[in-house]
Student: 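This is the structure I want to talk about, given as structure tokens.
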Amino acid sequence: MGKMLVLFWGGVTLISGALALTIHYMPTTPPVARAPVYHHPSSTGTAPSSVHTHEPEHPTALPQAPTPSLLEKAKLEQRIPLAIFLAGYGYGAQLSQEALQTLPSEVGLGISPYLEPLSKAIAPARAAQHEVYMSLPMRSSDPDHTDTGSRTLGTGESPAHEQQKLSWWLSRSQGITGMTDITGSGCNQTDNSYLQSQEFHDIAQTITRHGLLYLNEQATSDRPTRGITATQCINGDTAPEDFTQSLKTLIPSTPLHGAIILVITPITPAALHSLIAWLHSATAQHFYLMPLSALADTPPPLSTH
């Protein structure tokens with residue numbers, strides 16, 4: 001019996017040793033190789049960013065279509081583009097407050113740089129989302145009966161002196177959208193020959209360099225600024241029935257985009273009330289009201305002299 005036990009345990013030992021040797025020399029299963037993840041280059045051909053190490057969990061959203069401009073929206077809706085400018089804002093506190101409370105924010109406002117303090121007139125208009133344009137005092141079409149102040153532009157002084165006067169106006173331009181030759185005294189108050197001169201050309205280029213738009217009341221042969229030219233002007237002092245009739249007969253006269261750029265000067269209680277009533281009328285539904293800046297054109301290259 002003892003001999004048989006020795007043989008049994010000897011056999012177990014031999015089998016265990018052989019199994020251990022087999023496991024030791026068995027080749028191990030290699031790890032599954034993972035293909036590198038690449039960030040695909042965009043359609044523009046730019047190299048993939050090294051920051052991305054894996055594909056996003058969700059597919060990239062398609063780019064959104066560009067938002068149409070106001071002019072494009074007006075065209076789609078088959079309405080006439082219309083921008084309105086009221087000159088003489090800020091002179092009467094009650095009338096100016098009523099204008100801010102009742103006018104659509106797209107209506108632009110013209111303000112005199114002589115108002116004191118100017119910032120108190122500009123701030124509420126900008127807070128109400130109105131564009132504000134400073135009326136630059138310029139040589140009048142009727143100088144014998146018009147006092148435009150000591151810093152009037154176009155009085156025949158040297159170019160350096162003219163630039164000094166403009167610099168003073170620019171120092172008061174904080175918060176405004178642009179400048180204009182339209183005053184709060186009525187239509188066609190600025191001498192158009194001055195607006196056609198090289199003297200004004202230099203002034204206008206300085207305005208453009210300051211990032212301001214320029215609103216012309218009268219068309220000029222070569223406006224050297226980015227801005228807008230009015231197509232029609234209505235005297236705000238006219239009788240209410242005549243004023244309303246003028247609004248009813250608005251006609252596009254700008255070949256480029258068929259827009260109307262309407263100037264109303266000066267702002268009066270009757271003119272304001274007539275304008276508000278017209279804006280809520282059925283006739284006004286044929287127009288697409290937009291800010292003046294939406295109709296601004298591109299200026300020619302600035303001269304370097």
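Everything quoted here is computed from the prediction, not taken from an experiment.
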Student: Please list, chain by chain and in numerical order, all residues satisfying side-chain contact (heavy atoms from CB on, under 4.5 Å) with Thr67, sequence neighbours excluded.
Tutor: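 Listed in chain order: nothing, the list is empty.
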Student: Could you tell me which residues satisfy side-chain contact (heavy atoms from CB on, under 4.5 Å) with Pro266, sequence neighbours excluded, listed by chain and number?
Tutor: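 For Pro266 the side-chain contact (heavy atoms from CB on, under 4.5 Å) partners, ignoring immediate neighbours, are Asn235, Asp237, Thr268.
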Student: Can you sort out the partners of Ile267 under side-chain contact (heavy atoms from CB on, under 4.5 Å), two or more places apart, ordered by chain and number?
Tutor: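 In terms of side-chain contact (heavy atoms from CB on, under 4.5 Å), with neighbours along the sequence ignored, Ile267 is linked to Leu86, Leu95, Ala99.
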Student: The criterion is side-chain contact (heavy atoms from CB on, under 4.5 Å); which residues satisfy it with Ala277, sequence neighbours excluded?
Tutor: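 Residues passing side-chain contact (heavy atoms from CB on, under 4.5 Å) with Ala277: none at all.
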Student: Would you say that Pro159 contacts Glu199 through its side chain, given a criterion of any heavy-atom pair below 4.5 Å between the two side chains?
Tutor: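 Answer no - side chains too far apart.
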Student: Do Ile261 and Phe85 come close enough that some side-chain heavy atom pair is under 4.5 Å?
Tutor: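 SC-SC contact between Ile261 and Phe85 ruled out.
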Student: Please list all pairs meeting side chain to side chain donor-acceptor pair (under 3.5 Å) that have one or both residues in residues 158-168, counting only residues at least two apart or in different chains.
Tutor: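 Those involving residues 158-168 are Thr155-Lys165, Glu157-His161, Glu157-Lys165, Glu162-Lys165, Gln163-Thr206.
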Student: Considering only residues two or more places apart or on different chains, which pairs with a residue in residues 115-129 satisfy side chain to side chain donor-acceptor pair (under 3.5 Å)?
Tutor: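 For residues 115-129: Glu116-Arg172.
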Student: Filter on side chain to side chain donor-acceptor pair (under 3.5 Å), then keep only pairs touching residues 92-106, sequence neighbours left out; what's left?
Tutor: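 Qualifying pairs, neighbours excluded: Glu98-His273.
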Student: Check the surroundings of atom CD in Gln174: do more than 12 heavy atoms from other residues, nucleotides or ligands lie under 6.0 Å from it?
Tutor: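 Counting neighbours around CD of Gln174, 12 or fewer heavy atoms of other residues, nucleotides or ligands fall under 6.0 Å, so no.
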Student: Please list, chain by chain and in numerical order, all residues satisfying ring-ring contact (aromatic ring centres under 6.0 Å, His included) with Tyr194, sequence neighbours excluded.
Tutor: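 Counting only residues at least two positions away or on another chain, Tyr194 forms a ring-ring contact (aromatic ring centres under 6.0 Å, His included) with Phe200.
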Student: Scan for salt bridge (Lys or Arg N to Asp or Glu O under 4.0 Å) pairs involving residues 85-97, sequence neighbours excluded, and state none if there are none.
Tutor: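 Qualifying pairs: none.
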Student: Show me the pairs that pass salt bridge (Lys or Arg N to Asp or Glu O under 4.0 Å) and involve residues 73-83, at least two apart or across chains.
Tutor: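 The answer is Glu77-Arg79.
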Student: Applying the side-chain contact (heavy atoms from CB on, under 4.5 Å) test to Gln232, which of Thr249, Ile260, Leu247 qualifies?
Tutor: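 It is Ile260, the one option of Thr249, Ile260, Leu247 that forms the side-chain contact (heavy atoms from CB on, under 4.5 Å) with Gln232.
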Student: Sequence neighbours left out, what passes side-chain hydrogen bond (donor to acceptor under 3.5 Å, both in side chains) with Ser246? Give chain and number order.
Tutor: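 Listed in chain order: nothing, the list is empty.
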Student: Applying disulfide (SG to SG under 2.5 Å) as the test, list every pair that has at least one member in residues 156-209; sequence neighbours left out.
Tutor: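 Residue pairs with at least one partner in residues 156-209: Cys187-Cys233.
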Student: Testing the 3.5 Å rule here: is there a donor-acceptor pair between the side chains of Thr180 and Glu217?
Tutor: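 There is no such pair (donor and acceptor under 3.5 Å, judged by atom type) between the side chains of Thr180 and Glu217.
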